[in-house]
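Beneath this line is the structure, given in structure tokens, with notes to follow.
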Amino acid sequence: DGSELVEIDNNISANFVKPSKKMFGKAEGKNLIVISLESLQSFVINNEVYGEEVTPFLNDFIKESFYFDEFYHQTGQGKTSDSEFLLENSLYPLNRGAVFFTHSGNKFDAMAEKLGKKGYFTSTMHANNKSFWNRDIMYEALGYDYFYSATDYDITPENSVGWGMKDIPFFEQSVDLMKTMQQPFYTKMITLTNHHPFKLDDEDKLIEEYDSKSGTLNRYFTTVRYMDEAVKHFIQKLKDEGLYENSIIVMYGDHYGISENHNEAMAQYLGKEVTPFVSAQLQRVPLIIHIPGVTNKGKGKTISKVSGQIDLKPTLLHLLGVNTKNNIQFGEDMFSSDHRDFVVFRDGSFVTRNYVYTANTCYSKETEEPVDDSYCEPFKEKARTELDYSDKIIYGDLLRFYDNEDYQKIGK
Ligand code: GP9
Ligand code: MN
């Protein structure tokens, strides 16, 4: 009967963070283009390899955008699909397995479905097989109108590498598809070239590889550099086709690309030991939000709020003028002055304004050293409760009760 949902609902309502008055509806009626940047971690932003910028385009683009530099991925074993799940639902992915596979039959209250109801044409663009990661089934559950997949793209051996179509032709063909979309549209694009094992054709290597014992890390910089180039072409083509000025562009890294197996090489690059604290900091992924007319040249801003993928849904819906007051969600509007500096990882680690709790140890962000556990204690229960509530919702398929009359009676 959904009585389990009552407690969760009450807790979420009590913690609701009001949208920022200044930003609510700021992008109303605009297209929403969300780009999932494969395996992009924040440590490469504004960084170099042998004197060459790894992400020259993004380094410029963040100056004409809101750039969140304390934003974390929260994915688990479901990788890209977990980040998609977080984006659409503001719920946590599962502890094991991928919710895309295990719970695609659930009822959701996804961003795509909500924007659809607001008159948006909604889609995902990913030049891969439809059924990979069970996307075709899950996307139905999330309410997307259409999935532009491998069959919608002209994929050849020449324009492919590694896992599939290269990012530059992918973006190019995607803009041509966008021109045919009814506006306003919401589309989520998933890039692919910067995926492990980070292989590139020679002509696409724009910077030198790094030199360490990890070939993975060495190549990573070159594929990130290629992806950066691809985004540059994409933005230019959006401008050329007249789509740039009426679209907000959101980019985020989906999850880490360099695992802890490469700590030694990473330590060499960073010039410091990769402690559990540093590992947690390495889970930062870039989040870039460009709003035409708001963050044009000279008006960009770096925002250092501790936040994560869970916050995307309320933040973006509010920008587009959709209220989320009664939604079952764990994220908070990142533009709101009430947004709390707090992010929970799927393994129970968490980050606050001043502390990082990971590997059963409380670290001070200032000294990067362990401190007394009592500093992290006040946040432990909130972290546990959020993960626990989110799991209950998914395992119990609780959102199916939400619109139900009986539930509305108990709930409200
Ligand atoms: C492939 C994309 C990438 O379609 O999901 O895979 P992942 O990053 O999840 O391994
Ligand atoms: Mn991925």
Side-chain angles (χ1 to χ4, degrees), residues 34-44 55 71-89 92-104 112 123-142 144 146-153 155 159-167 169-171 173-174 187-200 216-217 219-220 223-224 226-228 230-231 250-262 282-288 308-310 312 345-346:
V34 175
I35 309 174
S36 161
L37 295 170
E38 180 58 46
S39 302
L40 188 66
Q41 293 175 238
S42 299
F43 77 92
V44 295
T55 57
F71 180 81
Y72 292 78
H73 86 82
Q74 296 166 290
T75 62
Q77 292 171 342
K79 306 298 296 278
T80 309
S81 74
D82 278 355
S83 71
E84 297 180 70
F85 185 75
L86 279 146
L87 164 76
E88 284 297 333
N89 301 295
Y92 292 91
L94 295 175
N95 193 18
R96 37 192 327 174
V99 62
F100 263 46
F101 279 118
T102 58
H103 291 82
S104 59
S123 67
T124 293
M125 312 187 90
H126 184 42
N128 215 331
N129 206 303
K130 249 190 180 23
S131 58
F132 197 44
W133 281 98
N134 207 31
R135 284 192 171 102
D136 51 346
I137 309 290
M138 188 60 167
Y139 286 172
E140 291 264 320
L142 298 176
Y144 287 105
Y146 193 77
F147 177 15
Y148 296 90
S149 67
T151 47
D152 295 280
Y153 289 86
I155 306 175
N159 71 16
S160 303
V161 72
W163 280 55
M165 195 178 196
K166 296 183 194 180
D167 289 345
F170 164 67
F171 277 125
Q173 293 185 25
S174 293
T187 191
K188 180 189 58 191
M189 314 176 76
I190 304 175
T191 63
L192 201 51
T193 308
N194 188 43
H195 193 289
H196 188 269
F198 311 116
K199 289 270 163 59
L200 282 180
T216 298
L217 180 66
R219 291 188 301 276
Y220 178 71
T223 49
V224 170
Y226 171 82
M227 180 165 66
D228 180 84
V231 174
V250 177
M251 302 184 219
Y252 65 86
D254 62 348
H255 50 73
Y256 67 79
I258 305 299
S259 75
E260 297 185 359
N261 297 333
H262 306 276
L282 283 169
Q283 304 315 307
R284 275 178 292 190
V285 295
L287 170 64
I288 299 168
Q309 290 162 335
I310 200 111
L312 288 168
F345 298 177
R346 183 55 257 195

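Whatever order the structure lists ligands and atoms in, that order sets their numbers, starting from 1.
- For Phe345 and Tyr72, the gap between ring centers is short of 6.0 Å.
- The side-chain tip of Lys130 points at the ring of Tyr146 from less than 6.0 angstrom away and within 45° of straight on.
- Open room surrounds OH on Tyr256; 12 or fewer heavy atoms of other groups in view lie less than 6.0 Å from it.
- Here the shortest heavy-atom pairing between Val285 and Gly253 reads CG2-O, 3.2 Å.
- Of the N or O atoms in His126, one or more lie within a sub-3.5 Å distance of an N or O in ligand 1.
- Relative ring orientation between Phe43 and Tyr220 is described as parallel, the plane-to-plane angle staying below 30° on a 0-90° scale split at 30° and 60°.
- Below 30°, between 30° and 60°, or above 60°: for Tyr139 and Phe147 the angle between ring planes is above 60°, a perpendicular geometry.
- Only protein atoms were considered; those of element N, O or S under 2.8 Å from the Mn ion (ligand 2) number 5.
- No part of His196 comes within 4.0 Å of ligand 1, judged by heavy-atom distances.
- Ser36 pairs by the side chain to side chain donor-acceptor pair (under 3.5 Å) definition with nothing, not counting sequence neighbours.
- Between Leu87 and Val34, some side-chain heavy-atom pair lies under the 4.5 Å cut-off.
- Nearest non-hydrogen protein atom to atom 3 (C) of ligand 1 is Thr80 OG1, 3.3 Å.
- Residue-ligand proximity, His255 to ligand 1, at heavy-atom distances under 4.0 Å covers atoms 8 (O).
- Looking from atom 6 (O) of ligand 1 to the surrounding protein, the closest heavy atom is His195 NE2, 3.3 Å.
- Side-chain atoms of His255 never come within 3.5 Å of backbone atoms of Lys79 as a donor-acceptor pair (strictly under, hydrogens ignored).
- Per-residue contacts place Glu38 under 4.0 angstrom from the following atoms of ligand 1 (heavy atoms of the residue considered): 3 (C), 8 (O).
- In this structure, Arg135 has a heavy atom closer than 4.0 Å to ligand 1.
- Within the 4.5 Å cutoff, the side chain of Ile35 has heavy atoms near those of the Phe171 side chain.
- Taking a cut-off of under 4.0 Å to the non-hydrogen atoms of Phe132, the atoms of ligand 1 that pass are 1 (C), 4 (O).
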